Colleague: 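Submitted below is the structure of interest, expressed as structure tokens.
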Amino acid sequence: PAAYAFTYRDAASFPEELEEWFMYNDEERSDALHAKATFEKKWDTFVAKTIVATPHEVKWIDVDVPKRRRFVEGEVAALESVDAQRRGECLESLVYVGLGVWGETAGLRSIRTDRRTEDTDDDKAEGEEAKAADRFEDAGLQMDWMMRGAELIYDAMGVQTVFDVLRGACLRSWLANP
């Protein structure tokens, strides 16, 4: 037995890594809430223009993939705007998608059929991961939607676009202050 509760591994399970990553202080909580508000405003506008006239009734998780994809593609395209405020709002909106649209998914269990129902002694690491997964079961739906959001952003060339925008901002700053 180890003297400490820490077990060295390259990485913990996905839920454990997320829990460690999201240790909010007041500023981070404020930023997350601001990203949520920005997303909701932009989502309502998108829904009103493309789906129905009463946008507050349409949730992100209830629409089909092509509509979500179209929204994300629009946000990614707008990252190349010359308007810094517009770029910032698009980044906030994409961050919220990448966080699993937590206002609709946080604290809800995932409905998955691929989870094991019995522990096996075959692999100690697998057993530890299963225990960790059980501990974070109430975050399952949000984690599922985080992966879906990341996939949408990736498919829309969002990762490359965000990199290019950030690189451009750094270069402009560097050239302005050599």
Side-chain angles (χ1 to χ4, degrees), residues 6 8-52 55-56 58-107 132 136 139-178:
F6 177 78
Y8 178 78
R9 291 184 298 199
D10 285 343
S13 68
F14 182 57
E16 289 173 308
E17 290 289 337
L18 287 176
E19 181 183 50
E20 186 176 310
W21 191 22
F22 292 108
M23 298 292 180
Y24 294 121
N25 60 34
D26 289 338
E27 184 178 349
E28 290 168 335
R29 185 174 293 110
S30 175
D31 290 344
L33 289 170
H34 194 267
K36 178 181 185 284
T38 299
F39 168 85
E40 289 173 343
K41 179 182 80 170
K42 292 172 84 59
W43 177 248
D44 285 350
T45 300
F46 174 82
V47 168
K49 289 180 180 178
T50 62
I51 302 174
V52 295
H56 294 299
V58 180
K59 291 184 174 184
W60 174 262
I61 64 174
D62 293 335
V63 301
D64 59 21
V65 174
K67 288 181 181 74
R68 289 192 303 267
R69 181 177 295 119
R70 193 167 18 158
F71 176 81
V72 168
E73 287 171 348
E75 295 299 286
V76 169
L79 287 174
E80 298 189 42
S81 169
V82 295
D83 181 358
Q85 182 174 347
R86 183 171 183 210
R87 285 192 313 267
E89 289 175 351
C90 291
L91 280 171
E92 288 176 338
S93 182
L94 290 170
V95 163
Y96 187 71
V97 169
L99 292 176
V101 189
W102 54 266
E104 297 178 26
T105 62
F136 296 100
L141 189 64
Q142 182 182 2
M143 286 186 283
D144 290 346
W145 281 94
M146 288 174 83
M147 289 184 270
R148 291 178 192 192
E151 187 175 339
L152 282 172
I153 293 166
Y154 178 81
D155 289 346
M157 295 298 295
V159 176
Q160 184 64 51
T161 305
V162 168
F163 174 81
D164 292 343
V165 167
L166 292 174
R167 182 174 180 259
C170 290
L171 285 173
R172 283 190 299 279
S173 176
W174 181 69
L175 291 173
N177 302 309

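Note that the structure is predicted; figures quoted are calculated from it, not measured.
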Colleague: Please name all residues satisfying side-chain contact (heavy atoms from CB on, under 4.5 Å) with V162, sequence neighbours left out, ordered by chain then number.
Modeller: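 With neighbours one apart ignored, the set is L79, L91, L166.
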Colleague: Taking E104 for its side chain and I61 for its backbone only, find out whether a donor-acceptor pair lies under 3.5 Å.
Modeller: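 Looks like yes, one N/O pair under 3.5 Å.
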Colleague: Taking only residues two or more places apart in sequence, or in another chain, which ones meet V65 in a side-chain contact (heavy atoms from CB on, under 4.5 Å)?
Modeller: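 Scan of V65 (side-chain contact (heavy atoms from CB on, under 4.5 Å), adjacent residues dropped) gives R68, R69, L152.
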Colleague: Is any side-chain heavy atom of W60 closer than 4.5 Å to one of V97?
Modeller: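 When only atoms from C-beta onward are counted, W60 and V97 do touch, with a gap below 4.5 Å.
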Colleague: Working to the nearest 0.5 Å, report the span between CZ of F71 and CG of L94.
Modeller: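 CG of L94 is found 7.5 Å from CZ of F71.
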Colleague: What's the spacing between E80 CD and R86 CZ if we round to 0.5 Å?
Modeller: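 Going from CD on E80 over to CZ on R86, the span is 11.0 Å.
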Colleague: Please name all residues satisfying side-chain contact (heavy atoms from CB on, under 4.5 Å) with N177, sequence neighbours left out, ordered by chain then number.
Modeller: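 Counting only residues at least two positions away or on another chain, N177 forms a side-chain contact (heavy atoms from CB on, under 4.5 Å) with S173.
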Colleague: What is the minimum heavy-atom distance between C90 and K42, and which atoms define it?
Modeller: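 The answer is SG-NZ, 3.9 Å.
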Colleague: Please tell me if the side chains of S93 and K41 come closer than 4.5 Å, counting only heavy atoms from C-beta onward.
Modeller: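 The answer is no, as the side chains (C-beta and beyond) never meet within the 4.5 Å cut-off.
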Colleague: Got a sec, which residues hit side-chain hydrogen bond (donor to acceptor under 3.5 Å, both in side chains) with T161, two or more places apart in sequence or on another chain?
Modeller: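 In terms of side-chain hydrogen bond (donor to acceptor under 3.5 Å, both in side chains), with neighbours along the sequence ignored, T161 is linked to no residue.
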Colleague: Taking side-chain contact (heavy atoms from CB on, under 4.5 Å) as the definition, give me every residue that meets it alongside Q160, ordered by chain and number, with sequence neighbours left out.
Modeller: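 Scan of Q160 (side-chain contact (heavy atoms from CB on, under 4.5 Å), adjacent residues dropped) gives M157, F163, D164.
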Colleague: Excluding sequence neighbours, so at least two apart, what forms side-chain hydrogen bond (donor to acceptor under 3.5 Å, both in side chains) with E73?
Modeller: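 If we apply the side-chain hydrogen bond (donor to acceptor under 3.5 Å, both in side chains) test to E73, skipping adjacent residues, there are no hits.
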Colleague: Does the pair K67 and D64 meet the rule for a side chain to side chain contact (heavy atoms under 4.5 Å, CB included), with working shown?
Modeller: CA-CA 6 Å; K67 288 181 181 74; D64 59 21; 3.1 Å; yes
Colleague: Taking Q142 for its side chain and L99 for its backbone only, find out whether a donor-acceptor pair lies under 3.5 Å.
Modeller: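 Present.
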Colleague: Within the side chain of W43, is there an N or O that forms a donor-acceptor pair under 3.5 Å with the backbone of V58?
Modeller: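 Flag set: sc W43 to bb V58 pair under 3.5 Å.
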Colleague: Decide yes or no for Y96 and T38: does some side-chain heavy atom of the first lie under 4.5 Å from some side-chain heavy atom of the second?
Modeller: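 No. Closest side-chain heavy atoms not under 4.5 Å.
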